[in-house]
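Side-chain atoms are counted along with the backbone in the values below, which use heavy atoms only and exclude waters and symmetry mates. Fair warning: this is a prediction, and the values are worked out from it, not measured in the lab.
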Amino acid sequence: MQEAMNHEMYRQLFDTDIFIVQDHDNVNSFSLSEHPSDFIKLLILLKDDDNIKADAGSIELLKKIADFKNYNLGREKIRVANISNQFTSFLRLSKQFSSPNIVCFGISAGELGLQIDAEINQLICFAGVKLIFTESLQVILNNEKMKKQFFNDALLPMLTKDLPE
């Protein structure tokens with residue numbers, strides 16, 4: 001009960017304007033489909049300094065994630081944003097994309113303006129959004145233990161189970 005009160009208090013503080021920051025620019029993103037849906041089930045954030053979108057290997061892996069039948073996704077319901085050269089915040093992402101699920105590859109909670117504890121591959125819920133903060137795609141691809149932990153213990157529950165706020 002105490003933990004639920006703390007989460008509610010933090011959510012209310014997060015939604016309270018202490019000082020206004022200009023945050024009007026939309027975050028550039030792309031779809032994995034030629035015909036994107038208006039409903040975004042999963043927002044994927046990357047940090048790739050070498051590419052405007054992402055490298056071909058990363059895009060292929062993201063397409064495999066989208067096509068995996070147990071996730072009930074589909075390429076049209078995913079948006080990908082490379083935020084390495086864009087300023088953004090959780091609030092901006094929530095307003096622009098309204099996605100119930102966000103996966104952050106190589107991005108910390110603090111980089112999105114969130115002051116919450118988030119361990120690698122831990123599924124958390126904040127302000128009605130399920131979030132996973134994890135290593136970069138390249139690290140996950142090259143580490144079998146991390147790959148299993150991400151896909152089985154974090155991503156599958158994110159997309160198939162309801163979590164309390």
Side-chain angles (χ1 to χ4, degrees), residues 1-15 27 29-33 36-37 39-48 54 58-84 86 88-165:
M1 171 120 164
Q2 182 67 26
E3 187 175 320
M5 281 180 35
N6 285 342
H7 282 288
E8 179 61 22
M9 182 181 71
Y10 289 134
R11 189 187 65 72
Q12 288 177 357
L13 285 173
F14 182 78
D15 290 339
V27 175
S29 66
F30 64 96
S31 175
L32 297 175
S33 170
S37 170
F39 172 70
I40 301 170
K41 186 172 181 180
L42 177 63
L43 175 62
I44 296 175
L45 303 179
L46 306 172
K47 211 169 178 185
D48 183 342
S58 295
I59 292 174
E60 269 313 302
L61 176 63
L62 296 175
K63 287 179 179 178
K64 287 179 183 176
I65 291 171
D67 295 339
F68 188 61
K69 66 178 181 164
N70 290 351
Y71 294 151
N72 299 317
L73 279 172
R75 294 179 186 187
E76 69 281 354
K77 294 179 185 172
I78 297 177
R79 285 295 186 294
V80 181
N82 180 358
I83 65 165
S84 65
Q86 302 182 72
T88 193
S89 66
F90 175 78
L91 192 56
R92 171 80 259 143
L93 295 168
S94 297
K95 286 179 181 177
Q96 181 178 340
F97 297 103
S98 301
S99 176
N101 305 293
I102 301 175
V103 174
C104 303
F105 288 103
I107 299 162
S108 69
E111 290 176 275
L112 297 181
L114 296 174
Q115 300 300 314
I116 57 176
D117 291 329
E119 294 179 24
I120 297 292
N121 292 331
Q122 175 190 15
L123 177 58
I124 60 172
C125 190
F126 181 79
V129 177
K130 292 186 251 182
L131 298 140
I132 298 171
F133 295 92
T134 191
E135 297 289 347
S136 70
L137 276 172
Q138 291 73 22
V139 170
I140 289 176
L141 282 172
N142 295 320
N143 184 323
E144 220 34 61
K145 182 180 176 187
M146 175 110 20
K147 188 186 303 183
K148 285 181 183 178
Q149 185 183 25
F150 170 71
F151 286 106
N152 297 333
D153 299 340
L155 191 60
L156 185 61
M158 170 188 260
L159 298 172
T160 60
K161 295 180 182 173
D162 289 329
L163 294 178
E165 276 195 51

Requested in this report: Might you point out which heavy atoms bring A66 and L73 nearest each other, and give the distance in Å?
Outcome: O-CB, 3.7 Å
Query raised in the report: Closest heavy-atom contact between K41 and N101?
Result: O-ND2, 2.8 Å
Query - Close side-chain approach of D48 and L137, heavy atoms under 4.5 Å - result: no
Query raised in the report: For atom NZ of K147, is the number of surrounding heavy atoms from other residues, nucleotides or ligands below 6.0 Å larger than 12?
Result: yes
Report task. Hey, could you give me the CZ/CG distance between F105 and N82, rounded to the nearest 0.5 Å? Result -> 12.5 Å
Query raised in the report: Between the side chain of N142 and the main-chain N/O of Q138, is any donor-acceptor distance below 3.5 Å?
Result: yes
Query raised in the report: Heavy atoms, side chains only, cut-off 4.5 Å: are Q96 and T88 in contact?
Result: no
Query - Interatomic distance, K77 atom NZ to L43 atom CG [nearest 0.5 angstrom] - result: 15.5 Å
Requested in this report: Quick one: do L45 and L93 satisfy side chain to side chain contact (heavy atoms under 4.5 Å, CB included)? Show the steps, please.
Outcome: CA-CA 10 Å; L45 303 179; L93 295 168; 3.5 Å; yes
Requested in this report: Check the pair I59 / K63 against side chain to side chain contact (heavy atoms under 4.5 Å, CB included), numbers first and verdict last.
Outcome: CA-CA 6 Å; I59 292 174; K63 287 179 179 178; 3.8 Å; yes
Query raised in the report: Which atom pair, heavy atoms only, marks the closest approach of P36 to R79?
Result: CB-NH2, 3.6 Å
Query - Main-chain N/O of R92 paired to S89 side chain as donor or acceptor, under 3.5 Å - result: yes
Requested in this report: Assign the ring pair F90 / F126 to parallel, tilted or perpendicular, where the plane angle (0 to 90°) is split at 30° and 60°.
Outcome: perpendicular
Requested in this report: Measure the spacing between CG of L141 and OG of S58 and express it to the nearest 0.5 Å.
Outcome: 7.0 Å
Report summary line: With sequence neighbours left out, the residues meeting side-chain hydrogen bond (donor to acceptor under 3.5 Å, both in side chains) with E60 are none
Requested in this report: List the atom of A54, the atom of L46, and the distance in Å for their closest heavy-atom pair.
Outcome: CB-CD1, 3.6 Å
Requested in this report: State, yes or no, whether a side-chain contact exists between V103 and L42 at a heavy-atom distance under 4.5 Å.
Outcome: yes
Report task. Decide yes or no on side chain to side chain contact (heavy atoms under 4.5 Å, CB included) for L112 and F133, but give the supporting numbers first. Result -> CA-CA 11 Å; L112 297 181; F133 295 92; 4.0 Å; yes
Query raised in the report: Do I78 and L62 have side chains that get closer than 4.5 Å, going by heavy atoms?
Result: no
Report summary line: What one should report as the nearest heavy-atom pair of L123 and A154 is CD2-O, 4.1 Å
**Report entry** Spacing of Q122 atom CD and D153 atom CG [to the nearest 0.5 Å]
**Finding:** 11.5 Å
**Report entry** Which residues share a side-chain hydrogen bond (donor to acceptor under 3.5 Å, both in side chains) with K47, sequence neighbours left out
**Finding:** E111
Query raised in the report: Where do I65 and Y71 come nearest, in terms of heavy atoms and distance?
Result: O-CD1, 3.4 Å
Query raised in the report: Mind checking whether Q149 and T134 have side chains closer than 4.5 Å, heavy atoms only?
Result: no
Query raised in the report: Within a reach of under 6.0 Å around CG of N70, are more than 12 heavy atoms found that belong to other residues, nucleotides or ligands?
Result: yes
Query raised in the report: Quick one: NZ on K64 to CG on L32, what's the gap to the nearest 0.5 Å?
Result: 13.5 Å
**Report entry** Distance, nearest 0.5 Å, that separates CE of M146 from CD1 of I120
**Finding:** 6.5 Å
